[in-house]
Amino acid sequence: MSKKLLIVESPSKAKTLKKYLGPDFEILASYGHVRDLIPKSGAVDPNNNFYMKYQLVERNKKHVDAILRAVKSADHIFLATDPDREGEAIAWHLVEILQPQLEGKPFERVVFYEITQKAIQEAVAHPRALSLPLVNAQQARRALDYLVGFNLSPLLWKKIRRGLSAGRVQSPALRLIVEREQQITAFRQEEYWTLHLESRKEAQPFQARLVQWAGEKLQTLSITSEDQQLSWLESLKDQPAQVRTVERKQRQRHPAAPFTTSTLQQESVRKLGFTTDRTMKMAQQLYEGIDIGSGAVGLISYMRTDSVQLSQEALTDIRNHIQTNFAAEFLPGKPVFYANKSKNAQEAHEAIRPTSIARTPESLREYLAPDQFRLYEMIWKRTVASQMTSAQFDTVSVDISVGTQALFRATGQTMTFAGFIVVYREDVDEAPAAHTEGDETDRRLPPLEEGEMLPVERLWGEQHHTQPPPRYTEASLVKALEEFGIGRPSTYASIISTLIQREYVTLDKKRFMPTDVGEVVNRFLTEHFARYVDYDFTARLEDQLDQISEGQLDWIPVLDQFWKDFSAQLEEKSSVSRAEITQELLEEVCPKCGKPLTVRLGKRGKFVGCSGYPDCDFTRNREGTPSLEAPTSVGMDPESQRPILLMNGPYGPYVQLGESGEAGKKPKRVSLPKGLLPAQVTPDIALKLIQLPRTLGIHPVTEKPVIVNIGRFGPYIQNDTDFRSIPKTDSLFEITLERATAILAEPKSPARAATSGGLLRTLGEHPKDHQPIELFTGKYGPYVKHGKLNVTVPADMAVDQLTLDDALDLIAAKLANAPDKPEPPPSMGMF
């Protein structure tokens with residue numbers, strides 16, 4: 001019997017696929033990329049047709065060795081890496097590595113978009129050859145990213161500070177955030193007023209808003225002062241009100257399309273409070289397979305896609321579900337199709353959807369972790385809603401004249417049929433202003449007829465102020481990146497993580513704020529490498545990569561044109577001085593020596609200093625007070641009625657409750673979290689800091705308090721003796737008990753686990769003696785514990801993906817290899 005070898009990327013897929021393909025197949029995982037560019041200069045050679053020097057990924061060497069051994073005994077090799085450019089490139093790299101072992105053996109590419117028995121068997125039955133255009137597109141992208149990062153980042157180290165980086169897509173994303181902050185800083189608030197009428201018909205009151213004055217349609221800033229609105233109101237005093245027009249319409253709201261990678265990330269940020277990175281990790285788990293009682297099953301289709309289309313089979317299943325579980329009017333006469341709006345299309349051919357609509361969220365609740373359940377439920381509901389009928393509203397708009405100059409408008413609407421809204425309603429980035437007409441809740445007006453007179457119960461003005469544009473959230477940043485055509489939705493999570501890890505941006509109330517370093521880096525790039533952070537240029541380059549993937553362009557000329565221009569720019573800008581980049585001249589003079597003042601970048605952010613340094617040492621912060629040389633009051637503790645002071649110490653800035661030496665004891669001090677600059681400390685933030693540590697609640701398992709605090713190494717979570725760092729993507733002040741519990745449940749990083757030891761998690765009960773099987777980490781690495789038996793976890797097994805079945809196999813293997821030892825009785829904790 002011929003032996004077939006199928007290679008996937010993830011080990012968690014292997015077990016699921018083995019169940020579908022049977023004993024004829026050996027299934028091994030590459031554990032992601034097997035080769036990458038050498039991590040030094042010269043990995044991409046522009047003088048040799050951009051020849052790329054690769055080396056094995058060290059952490060995956062043992063997995064590659066296992067694949068090499070398996071190839072020797074295999075008759076047929078199937079490359080079943082992910083169905084995108086990255087997956088195609090991994091398959092190509094595997095062929096390059098395996099070439100000496102193949103010896104003429106057939107190797108073919110297998111592509112599937114969901115991990116179900118039918119999809120897997122269909123894919124294996126219809127393999128294809130490797131797609132070199134897809135491989136070339138991925139290599140071109142990798143080469144471009146390398147050429148930008150490896151040449152521009154050292155310039156940042158030299159001109160600004162060590163450890164910085166620039167990226168082809170990361171830098172335009174930073175520019176978006178910085179430019180939004182500049183718009184907010186430059187914004188000047190303006191006062192405006194709206195005028196309102198309250199009337200009634202019979203016993204039903206209603207309100208209307210002024211929309212026209214003396215025949216002119218009102219704009220936002222038509223009434224700009226209190227005196228003006230009082231004057232207008234005075235002129236309307238004792239004037240009659242009459243209905244001029246009544247317009248009735250029917251309106252529909254259509255369901256949103258099924259999820260793409262981008263819309264899934266946006267909606268999970270808005271609706272679930274996830275980060276983009278957390279969203280993609282949860283989606284990966286749902287795609288690769290979850291044990292739902294009968295073994296691991298892929299629950300959703302491939303999660304890296306820009307397509308909003310659904311397969312005919314999926315459409316049939318969804319429509320059957322709606323027909324069975326809802327009234328007839330909720331099912332449209334024919335399937336609903338959506339147009340792709342994405343500027344660049346990924347290779348996956350379907351939207352993100354459940355692999356079986358019959359697997360309702362409630363039927364899977366007991367098998368899914370809380371985050372997995374919430375994401376699956378959202379995907380399931382959005383998919384079902386996308387094939388339901390539109391919601392219907394009756395709307396009415398009534399124009400009412402008061403006197404001869406004023407025209408007020410009252411609007412009302414009533415939902416007459418909920419349609420898809422009974423299942424799912426899409427969230428929005430920003431809530432509409434209070435006076436806009438966008439709310440879909442019922443607003444009923446009494447029956448009004450043209451020409452009828454109305455009583456004027458009250459006329460009044462309401463003051464407003466214009467608002468600056470909002471800072472980007474993860475959802476709105478992803479939306480902006482997609483609209484500009486910058487990067488790929490599948491890379492957005494890593495782009496955002498890089499910006500945070502490099503400390504170019506911080507998250508304040510889940511909104512991005514650039515740090516001082518981020519602003520300086522952006523200023524350097526926009527002033528000296530403007531073309532390479534230009535949104536249109538970046539989008540055009542993405543279009544070219546798409547054309548390469550479709551076989552319409554050769555990748556070498558694209559790289560050649562890019563490199564000629566970029567290298568010339570690098571050479572030209574190498575002479576720019578550090579002072580020119582990190583200092584901005586102010587129109588002020590130093591109060592000590594009279595020389596010009598500059599805004600400069602220091603170790604703790606921007607500050608104002610004398611251009612005569614080192615002869616003159618004058619400094620102050622940007623707000624005008626001395627640069628933390630003396631304590632600065634930033635708030636008041638309402639409980640003790642003592643001031644909260646912002647101070648500087650040998651280990652950085654901190655807040656302190658009260659003056660030093662008060663009541664003969666050391667005052668409470670709390671360090672500022674890394675990335676929070678002194679200039680950003682508001683009274684609200686200062687109070688939250690001084691109130692640390694904060695108890696979130698009681699852990700549902702340990703029944704001990706879950707506490708958050710700031711320590712020597714930054715913000716952390718504590719539960720009894722278990723400590724975990726709070727990820728940079730979570731806010732110390734906004735983290736919930738549910739999220740903290742989820743972080744505590746995650747395996748510790750290998751470095752921490754090796755030194756700290758302890759229980760990682762309970763895997764389940766042994767089926768024979770019902771005693772717990774637990775995963776621990778100790779001095780020599782992770783191990784499984786069952787009663788008194790300890791079994792080392794092999795190095796090639798992913799600890800974070802270890803299941804109860806894996807542990808049972810390890811225990812059985814250890815007992816099988818110890819035949820001389822009698823099997824302990826069940827009372828000793830063994831089977």
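All values derive from a computational prediction rather than experimental measurement. Position 1 is the first residue of the sequence, and the numbers go up from there.
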Q) Hey, does W563 have a side-chain heavy atom less than 4.5 Å from the side chain of N151? A) yes
**Q.** Min side-chain heavy-atom separation Q265-E474 under 4.5 Å
**A.** no
Q.
My understanding is that only residues two or more places apart in sequence, or in another chain, count here; which of them pass side chain to side chain donor-acceptor pair (under 3.5 Å) with K281?
A. D277
Q) Is there a side-chain contact between T305 and R353 (heavy atoms, below 4.5 Å)? A) no
(Q) Suppose we screen for side chain to side chain contact (heavy atoms under 4.5 Å, CB included). Which residues come up paired with A91, at least two apart in sequence or across chains? (A) L79, T81, R109, L130
Q.
Measuring only between side-chain heavy atoms, which start at C-beta, is E288 closer than 4.5 Å to T16?
A. no
Q. When you measure from the side chain of T276 to the backbone N and O of V269, does any donor-acceptor pair fall under 3.5 Å?
A. no
Q: With sequence neighbours left out, write down each residue that passes side chain to side chain donor-acceptor pair (under 3.5 Å) with E765, or none if nothing qualifies.
A: none
(Q) Can you tell me how far apart CG (L5) and CG (D24) are? Round to the nearest 0.5 Å. (A) 13.0 Å
(Q) Between Q170 (side chain only) and S165 (backbone N and O only), is there a donor and an acceptor less than 3.5 Å apart? (A) yes
Q: Indicate yes or no for a side-chain donor-acceptor contact from E88 to the backbone of S131 under 3.5 Å, with no hydrogens or angles considered.
A: yes
Q: Return the set of residues passing ring pair (Phe, Tyr, Trp, His ring centres under 6.0 Å) with F25 (not counting sequence neighbours), or none when no residue passes.
A: F78
**Q.** All salt bridge (charged side-chain N to carboxylate O under 4.0 Å, His left out) counterparts of R168, not counting sequence neighbours
**A.** D145, E542
Q.
Working to the nearest 0.5 angstrom, can you tell me the gap between E86 CD and T491 OG1?
A. 9.5 Å
Q | Pairing residues for E9 by the salt bridge (charged side-chain N to carboxylate O under 4.0 Å, His left out) criterion, not counting sequence neighbours | A | none
Q. Looking only at atom types and distance, does a side-chain atom of K105 sit under 3.5 Å from a main-chain N or O of A74, one as donor and one as acceptor?
A. yes
Q. Looking at CG of L744 and CZ of F723, how far apart are the two atoms once the value is rounded to the nearest 0.5 Å?
A. 10.5 Å
Q | Full working for side-chain contact (heavy atoms from CB on, under 4.5 Å) between D371 and L272 | A | CA-CA 9 Å; D371 282 356; L272 305 181; over 6 Å; no
Q. Within the distance-only criterion (no hydrogens, no angle test), does the side chain of S549 pair as donor or acceptor with the backbone N or O of D546 below 3.5 angstrom?
A. yes
Q. Out of H93, R142, Q55, which residue meets the side chain to side chain donor-acceptor pair (under 3.5 Å) rule with D36?
A. R142
**Q.** Inter-residue atom distance L364.CG - L286.CG, 0.5 Å rounding
**A.** 9.5 Å
Q) Can any side-chain N or O of S153 pair as donor or acceptor with the backbone N or O of F150 at less than 3.5 Å? A) no
Q. Could you go step by step and tell me if D84 and Q138 meet the side-chain contact (heavy atoms from CB on, under 4.5 Å) rule?
A. CA-CA 9 Å; D84 54 19; Q138 193 276 339; over 6 Å; no
Q) With sequence neighbours excluded, what pairs up with Q101 under the side chain to side chain contact (heavy atoms under 4.5 Å, CB included) test? A) L68, V71, K72
Q) Under the salt bridge (Lys or Arg N to Asp or Glu O under 4.0 Å) criterion, do D65 and K61 qualify, and how do the steps go? A) CA-CA 6 Å; D65 290 341; K61 186 178 184 303; 3.4 Å; yes
Q: Start with the C-alpha distance between L144 and F50, add both sets of side-chain angles, then the distance that settles side-chain contact (heavy atoms from CB on, under 4.5 Å), and finish with yes or no.
A: CA-CA 10 Å; L144 285 169; F50 296 91; over 6 Å; no
(Q) If I compare all heavy atoms of V110 with all of A123, which pair ends up nearest, and what's the gap? (A) CG1-CB, 3.6 Å
Q. In Å and rounded to the nearest 0.5 Å, what is the CD1 to NZ distance from I27 to K13?
A. 11.5 Å
**Q.** With R359 via salt bridge (charged side-chain N to carboxylate O under 4.0 Å, His left out) - residues at least two apart
**A.** none
Q: State, yes or no, whether a side-chain contact exists between L56 and I97 at a heavy-atom distance under 4.5 Å.
A: yes
Q: Only counting residues at least two apart or in another chain, list the ones meeting salt bridge (charged side-chain N to carboxylate O under 4.0 Å, His left out) with K785.
A: none
**Q.** Any L98 side-chain heavy atom under 4.5 Å of V34 side chain
**A.** no
Q | From CA spacing to verdict: side-chain contact (heavy atoms from CB on, under 4.5 Å), Y492, V478 | A | CA-CA 7 Å; Y492 292 161; V478 164; 3.6 Å; yes
Q | Pairing residues for S171 by the side chain to side chain contact (heavy atoms under 4.5 Å, CB included) criterion, not counting sequence neighbours | A | A166, L525, V533
Q | Gap between atom OH of Y287 and atom CG of L299 - 0.5 Å precision | A | 12.5 Å
**Q.** Polar side-chain atom of R724 near backbone of I743 as donor-acceptor pair, under 3.5 Å
**A.** yes
Q: Please identify each residue that fulfils side chain to side chain donor-acceptor pair (under 3.5 Å) with D45, with sequence neighbours left out.
A: none
(Q) Is it the case that the side chain of E114 and the backbone of A119 share a donor-acceptor pair, with hydrogens and angles ignored and the cut-off at 3.5 Å? (A) no
(Q) Heavy-atom count check: over 12 atoms from other residues, nucleotides or ligands less than 6.0 Å from Q99 CD? (A) yes
Q: State, yes or no, whether a side-chain contact exists between H33 and N60 at a heavy-atom distance under 4.5 Å.
A: no
Q. Considering residues at least two apart in sequence or located in another chain, which fulfil the side chain to side chain donor-acceptor pair (under 3.5 Å) criterion with R365?
A. E362
Q) Hey, is the main chain of A43 close enough, under 3.5 Å, to the side chain of Y146 for a donor-acceptor pair? A) yes
Q: State whether the side chain of Q771 and the backbone N or O of H786 hold a donor-acceptor pair below 3.5 Å, judged by distance alone.
A: no
Q. Quick one: does K4's side chain get under 4.5 Å of L21's, heavy atoms only?
A. no
